[in-house]
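One structure is given below, encoded as structure tokens.
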There are 2 protein chains.
Amino acid sequence: MGMSDIIASFIKDILDQTNGIAELQRSELAERFKCVPSQINYVISTRFSPEHGYIVESRRGGGGYIRISRVAGTKKQLVMQMINAAGYELDVSTASAFVSNAFNNDLIDRRDAKLIMAVLGDNALKAIPTELRNSARADIFKHIMINLIA
Amino acid sequence: MGMSDIIASFIKDILDQTNGIAELQRSELAERFKCVPSQINYVISTRFSPEHGYIVESRRGGGGYIRISRVAGTKKQLVMQMINAAGYELDVSTASAFVSNAFNNDLIDRRDAKLIMAVLGDNALKAIPTELRNSARADIFKHIMINLIA
DNA sequence: ACCGATTTGACCAACACTGACCAATTATCG
DNA sequence: CGATAATTGGTCAGTGTTGGTCAAATCGGT
């Protein structure tokens, strides 16, 4: 068990004690574990991604922070299934199927569904080179899904 | 929450109590919050910009003032203004200003606002090369806005 | 030895705050 | 009336404080 696992479990302990929200200072964490600050980013990106069921927000500058939220609730199972089923690439028709599924399972209403498909459609993503579009769509989809149950 | 946030919320309180018009004296505000006068300008330019939905007028000399007004308009007008103002490139902080403006004008609720910012944030757009991200963000933002009035 | 995961550090970006200097407007005095 | 002083806000570049990125170096297991 390396340092990254130790840091990750420290963060999870905080989440357990705070109803699923951890507000951290990167430099303070790095100091506590005697590592470089960027290792905190590594831990977060490898262990607290949407695939793992977390939302991460941050702010720079004075009073900056990193906030990690663990989502919960009855809809979590379904959402996590979709996020993991999406994989690293997501084309429009598959995305559309996921969104229909989310609608049928009362995860989102009709209005949300329209909005989400507007975001995931090729029109909205035309500034992205074709060969990158499906991976960008997958990322965006995952962030939408995880935020739906936050 | 730093001093700038405190000053901003003080101004917003005034706006709430005065039908959307706050007339302030820079030096008096600076004195009240024990900061340098130029910090007032900083607060105004970072939190009361046109993107945030405000108009700022001022006058120097004896009897000088800074007047901050909330912009009004129909939902469709607001949406069209934002789409036009977004242009071809949209950075995260400008996007954030637009979204909070949309929220303040009841175009979207708090949940929508969070969802939209999750989509427009750098995390969700990681798969897009940095130099293309702002144009992709602008496209996505416009599609969202259009959808709000469709 | 190879390969993925981890660790590191140099460089970057965002946000907050400050102070010296500038500009505009009004008040006062001769 | 006109010059000058007083009063008010504006600008901008600099400093400090945080977090982010990326690629090279290292570690550990097969």
Side-chain angles (χ1 to χ4, degrees), chain A residues 1-11 22-49 51-52 55-68 88 139, chain B residues 1-11 22-52 55-68 89-97 100 117 120-134 137:
Chain A
M1 177 145 124
M3 182 55 60
S4 289
D5 289 315
I6 295 173
I7 296 170
S9 77
F10 175 79
I11 294 173
E23 199 154 305
L24 313 163
Q25 299 232 274
R26 188 178 77 149
S27 55
E28 185 191 302
L29 255 192
E31 171 60 25
R32 178 192 295 265
F33 292 104
K34 304 294 180 220
C35 65
V36 294
S38 60
Q39 182 157 10
I40 306 304
N41 297 87
Y42 175 73
V43 171
I44 289 171
S45 63
T46 55
R47 290 150 168 89
F48 295 91
S49 65
E51 285 88 344
H52 291 106
I55 293 171
V56 178
E57 302 154 286
S58 66
R59 245 182 106 86
R60 310 185 194 189
Y65 60 82
I66 300 177
R67 180 164 49 226
I68 301 176
Y88 296 112
D139 266 355
Chain B
M1 182 148 119
M3 183 54 60
S4 290
D5 289 315
I6 295 173
I7 297 170
S9 81
F10 176 80
I11 294 173
E23 201 156 303
L24 313 163
Q25 298 230 276
R26 188 178 78 148
S27 54
E28 183 192 305
L29 256 191
E31 172 58 25
R32 178 193 295 264
F33 292 105
K34 304 290 180 225
C35 65
V36 293
S38 60
Q39 182 158 7
I40 306 303
N41 298 87
Y42 173 72
V43 171
I44 289 171
S45 63
T46 54
R47 285 141 169 98
F48 296 92
S49 69
E51 288 82 3
H52 284 96
I55 289 175
V56 178
E57 304 154 284
S58 66
R59 233 185 127 75
R60 311 183 192 189
Y65 59 84
I66 300 177
R67 181 164 51 222
I68 301 176
E89 304 253 330
L90 186 60
D91 60 36
V92 176
S93 68
T94 308
S96 167
S100 74
M117 277 319 294
L120 296 177
D122 270 332
N123 281 344
L125 306 180
K126 198 93 133 300
I128 306 169
T130 316
E131 64 274 16
L132 296 177
R133 228 173 260 172
N134 283 351
R137 192 174 355 251

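Bear in mind that the values here come from a model prediction, so they are computed numbers and not experimental data. Every chain is numbered from 1, with letters handed out A, B, ... down the list of sequences.
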- Message: Can you give me the bend angle of the helix from C:dA1-D:dT30 to C:dG30-D:dC1? Use the axis through the first five pairs and the one through the last five, nearest 10 degrees.
- Response: 10°
- State whether the side chain of B:Ser45 and the backbone N or O of B:Asn41 hold a donor-acceptor pair below 3.5 Å, judged by distance alone. yes
- Message: Has B:Ser100 got a side-chain atom pairing as donor or acceptor with B:Ala97's backbone, closer than 3.5 angstrom?
- Response: yes
- Message: Using side-chain heavy atoms (C-beta onward) and a distance below 4.5 Å, is A:Gln39 in contact with A:Leu29?
- Response: no
- Would you indicate whether the side-chain heavy atoms of A:Ile7 and A:Arg32 approach each other to under 4.5 Å? no
First locate atom [atom1] of [X], then atom [atom2] of [Y], and finally report the distance between them rounded to the nearest 0.5 Å.
X: B:Leu24; Y: B:Ile40; atom1: CG; atom2: CD1; value: 8.5 Å
X: B:Leu132; Y: B:Leu125; atom1: CG; atom2: CG; value: 11.0 Å
X: A:Glu23; Y: A:Glu57; atom1: CD; atom2: CD; value: 9.0 Å

- Between B:Ile44 and B:Asn123, who's closer to the 5' end of DNA chain D by nearest nucleotide? B:Ile44
- Residues in contact with DNA chain C, drawn from residues 22-31 of chain A - heavy-atom cutoff 4.0 Å: none
- Message: Does the protein touch nucleotides 12-30 of chain C at the base, only the backbone, or not at all? Give it as B, S and - per nucleotide, heavy atoms under 4.0 Å.
- Response: -BBBBBBB---BBBS----
- Query: Checking all strands, does B:Ile66 fall into the base, sugar-phosphate, or nothing category for heavy-atom contacts under 4.0 angstrom?
  - Reply: sugar-phosphate
